[in-house]
Amino acid sequence: MAVYDDEGEVEVPVTLELPYIYDPGNGPRVKDFLAFMRSRYAAPQAQSFAAVGEVEEGGIKDSPRDARWDASRVLPILSRLLPGELATALWYNRTRSTHRVCPTCQRVYNVGDTLRAHVQGIDEPSVDTEQGHQQRLNEQYLSGICSVTCFALATYNFGHAAVLAYSLSWRQLGPATQKVLEGHGSGVEDQGLSYYVRLSRCSGKELSELIGV
């Protein structure tokens, strides 16, 4: 860009800020989570939200915000356990009432939204039954993972056993499923997603015990 002073034209370097959110045609996605967190698109922390560990047969119920998820205490530790943006995404999804960012596909949405298919012309696995719909809502509350497809990708490392963890909190899992999630799976590099799923099952108390805060 050129500007002019008393001595004539002067070249001034221009720094263009890269977009931190974009829409590929099937819903907005976050490209830079930290920039998103500083933007007006990020939802504020909720005074109450559906606490993990409160997923009952009838679905999620609202609970007072858990002080164990205070950012100054939890985020530094989560950042040692998960890649930086995944750690922030987990904390964000656990401290907002219904606003979510899917850790797998980075989709921005609200719990219960009707979401477009990831690939045009290829439908998502059906959740037309009442049970399937409730399971999807529960998983969105628990982890922010938006769809069955994204859950399958996030838990690929754990194989078929991970299906039994879908929509359930840690205390609702059977011992065999807990053992699978506590392990290292097949060892496939998944950028921390499988451990994200494991941590997202925890209540505030369970997380405190796990990470020592």
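Sequence positions, counted from 1, serve as the residue numbers for this chain.
- A parallel orientation is assigned to the rings of Phe36 and His99, their planes being inclined by less than 30° (bins at 30° and 60°).
- Other residues, nucleotides and ligands contribute only 12 or fewer heavy atoms inside 6.0 Å of the CD atom of Gln131.
- When every heavy atom of Glu206 is checked against every heavy atom of Ser203, the shortest pair comes out as OE1-N, 2.8 Å.
- Pro24 is listed as a side-chain neighbour of Arg29, based on a closest heavy-atom distance under 4.5 Å.
- Residues Leu153 and Tyr196 are members of separate hydrophobic clusters, defined by side-chain heavy-atom contacts under 4.5 angstrom among Ile, Leu, Val, Met, Phe, Trp and Tyr.
- The heavy-atom pair separating Ala161 from Thr177 by the smallest distance is O-CG2, 4.1 Å.
- Closest approach of Ser143 and Pro103 over heavy atoms only: O-CD, 4.0 Å.
- Contact of the Tyr141 side chain with the Asn93 side chain is not registered, since no non-hydrogen atoms from C-beta on lie closer than 4.5 Å.
- Scanning all heavy atoms of the two residues, the minimum distance from Ala165 to Phe151 falls at C-CZ, 4.1 Å.
- A distance-only check finds a donor-acceptor pair linking the side chain of Tyr92 to the backbone of Ala43 [under 3.5 Å].
- Taken to the nearest 0.5 Å, the CG atom of Leu78 stands 10.5 Å off from the CH2 atom of Trp91.
- For the pair Gln140 and Tyr109, the minimum side-chain heavy-atom distance is below 4.5 Å.
- No side-chain heavy atom of Gln106 sits less than 4.5 Å from a side-chain heavy atom of Phe33.
- Counting heavy atoms from C-beta outward, Leu173 and Leu164 have side chains that stay 4.5 Å or more apart.
- Asp32 places a side-chain heavy atom less than 4.5 Å from the side chain of Glu85.
- In this structure, Leu168 CG and Gln178 CD are separated by 10.5 Å, a value rounded to the nearest 0.5 Å.
- Taking CG of Leu75 as the reference point, atom CG of Leu82 lies at 10.5 Å (rounded to 0.5 Å).
- Here the CG-CG distance, from Leu142 to Leu199, works out to 12.5 Å after rounding to the nearest 0.5 Å.
- Nearest heavy atoms, Gly192 versus Pro83: CA-CD, 4.1 Å.
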Val148 and Tyr166: side-chain contact (heavy atoms from CB on, under 4.5 Å), yes or no, with the steps?
-> CA-CA 8 Å; Val148 173; Tyr166 184 66; 3.6 Å; yes
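- Summarising the geometry, atom NE2 belonging to His184 is positioned 10.0 Å from atom OG belonging to Ser194; distances are rounded to the nearest 0.5 Å.
- The shortest side-chain heavy-atom distance between Val197 and Ile145 falls under the 4.5 Å cut-off.
- When all heavy atoms of Val188 and Tyr156 are compared, the pair lying nearest together is CG2-CE2, 4.4 Å.
- Note: Ser167 OG to Arg136 CZ = 12.5 Å, rounded to the nearest 0.5 Å.
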